[in-house]
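Just the heavy atoms: all of them, side chains too, but no hydrogens, waters or symmetry mates, feed the values below.
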Amino acid sequence: QVRFVESGGGLVQPGGSLRLSCVDSGTIRTIDVAWYRQAPGKQRELVAHISWNGAITYAPSVRGRFAIARDNVNNTVYLQLNKLKPEDTARYYCNRPGSGYFWGQGTQVTVAS
């Protein structure tokens with residue numbers, strides 16, 4: 001029971017940008033949505049969070065470089081990735097915050113020269 005579909009990842013050089021999309025099969029305007037990332041062999045970490053009413057938080061490592069936004073009409077949450085660094089390389093997932101939710105396939109972001 002995977003609710004969200006991520007897309008938009010790819011290979012980008014350091015300093016480049018990507019925009020990730022998270023499409024909800026439910027009604028996204030009613031829920032909080034968070035972006036997570038996980039690199040091989042590492043723990044999944046929270047990157048950004050947007051509440052149902054628009055409150056936003058970021059992980060310190062991405063603050064000032066990433067931007068999360070929601071488009072409730074199109075049932076989508078975006079993550080704009082700017083000034084990308086090699087350490088941003090990971091698979092990126094979106095999901096509802098909390099426990100007990102299934103994870104989708106995510107989308108791969110690779111930052112390399």
Side-chain angles (χ1 to χ4, degrees):
Q1 189 186 8
V2 176
R3 178 165 175 168
F4 304 97
V5 177
E6 303 94 339
S7 64
L11 174 63
V12 64
Q13 295 185 12
S17 298
L18 288 170
R19 189 181 72 166
L20 310 183
S21 297
C22 171
V23 178
D24 185 12
S25 63
T27 305
I28 206 166
R29 64 175 175 83
T30 67
I31 60 168
D32 288 21
V33 178
W35 281 96
Y36 302 83
R37 66 186 182 187
Q38 187 168 30
K42 293 189 175 181
Q43 183 180 343
R44 182 170 52 244
E45 64 173 332
L46 189 146
V47 174
H49 171 276
I50 185 165
S51 73
W52 71 271
N53 62 340
I56 294 170
T57 58
Y58 296 101
S61 60
V62 308
R63 191 174 298 123
R65 299 188 298 118
F66 291 8
I68 189 170
R70 64 192 309 138
D71 181 350
N72 291 335
V73 172
N74 290 296
N75 231 31
T76 303
V77 167
Y78 299 98
L79 185 67
Q80 179 70 42
L81 293 72
N82 299 316
K83 300 178 181 179
L84 282 161
K85 304 175 180 179
E87 51 263 45
D88 295 319
T89 296
R91 197 157 190 89
Y92 285 70
Y93 303 85
C94 64
N95 212 336
R96 301 181 68 176
S99 301
Y101 303 113
F102 289 100
W103 296 91
Q105 295 187 40
T107 185
Q108 179 68 36
V109 172
T110 302
V111 185
S113 299

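Arg29 contributes no side-chain N or O that, together with a main-chain N or O of Asn72, makes up a donor-acceptor pair within less than 3.5 Å. For Asp24 (side chain) and Asn75 (main-chain N/O), no donor-acceptor pair under 3.5 Å exists by modelled atom type. Using modelled atom types, one side-chain atom of Glu6 and one backbone atom of Cys94 make a donor-acceptor pair closer than 3.5 Å. At least one donor-acceptor pair under 3.5 Å links the side chain of Thr89 to the backbone N or O of Val111. In this structure, Arg70 contributes its side chain and Val33 its backbone to no donor-acceptor pair below 3.5 Å.
When hydrophobic clusters are built by joining Ile, Leu, Val, Met, Phe, Trp and Tyr residues whose side-chain heavy atoms come closer than 4.5 Å, directly or via intermediates, Val47 is grouped together with Ile56. Tyr78 and Tyr92 fall into different hydrophobic clusters, where Ile, Leu, Val, Met, Phe, Trp and Tyr side chains are chained together by heavy-atom contacts under 4.5 Å. By the rule that hydrophobic residues join a cluster once side-chain heavy atoms approach within less than 4.5 Å of another member, Val23 and Leu79 end up as members of separate clusters. Note on Val77 and Leu46: separate hydrophobic clusters, where clusters join Ile, Leu, Val, Met, Phe, Trp and Tyr whose side-chain heavy atoms are under 4.5 Å apart, directly or indirectly.
The minimum heavy-atom distance linking Ala34 with Pro97 is given by the pair CB-CG, 4.1 Å. Nearest approach of Ser21 to Trp35, heavy atoms of both residues: O-CH2, 3.6 Å.
Ring to ring, Trp103 and Tyr36 are close: their centroids are under 6.0 angstrom apart.
In this structure, CZ in Arg37 is found 8.0 Å from CD in Glu87, a value given to the nearest 0.5 Å. If you take CZ on Arg65 and OG on Ser17, they are separated by 10.0 Å, rounding to the nearest 0.5 Å. We find the CZ-CZ distance between Arg96 and Phe4 to be 7.0 Å, quoted to the nearest 0.5 Å. For the atom pair CD1 of Ile28 and CG of Asn74, the computed distance is 10.5 Å after rounding to the nearest 0.5 Å. Atom-to-atom distance recorded for Thr110:OG1 and Gln13:CD is 13.0 Å, nearest 0.5 angstrom. Residue Phe66 holds its CZ atom at 7.5 Å from OG of Ser61, rounded to the nearest 0.5 Å.
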Could you go step by step and tell me if Leu81 and Asp88 meet the side chain to side chain contact (heavy atoms under 4.5 Å, CB included) rule?
-> CA-CA 9 Å; Leu81 293 72; Asp88 295 319; 5.6 Å; no

With side chain to side chain donor-acceptor pair (under 3.5 Å) as the test, would you mind laying out the steps for Ser51 and Asp32 before giving the verdict?
-> CA-CA 4 Å; Ser51 73; Asp32 288 21; 4.7 Å; no

Determine, stepwise, if the pair Arg3 / Phe102 fulfils side chain to side chain contact (heavy atoms under 4.5 Å, CB included).
-> CA-CA 8 Å; Arg3 178 165 175 168; Phe102 289 100; over 6 Å; no

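Stacking of Arg63 on the aromatic ring of Tyr58 is not recorded, the 6.0 Å distance cut-off and the 45° axial limit not both being met.
In Gln108, the CD atom is crowded: over 12 heavy atoms of neighbouring residues, nucleotides or ligands sit closer than 6.0 Å.
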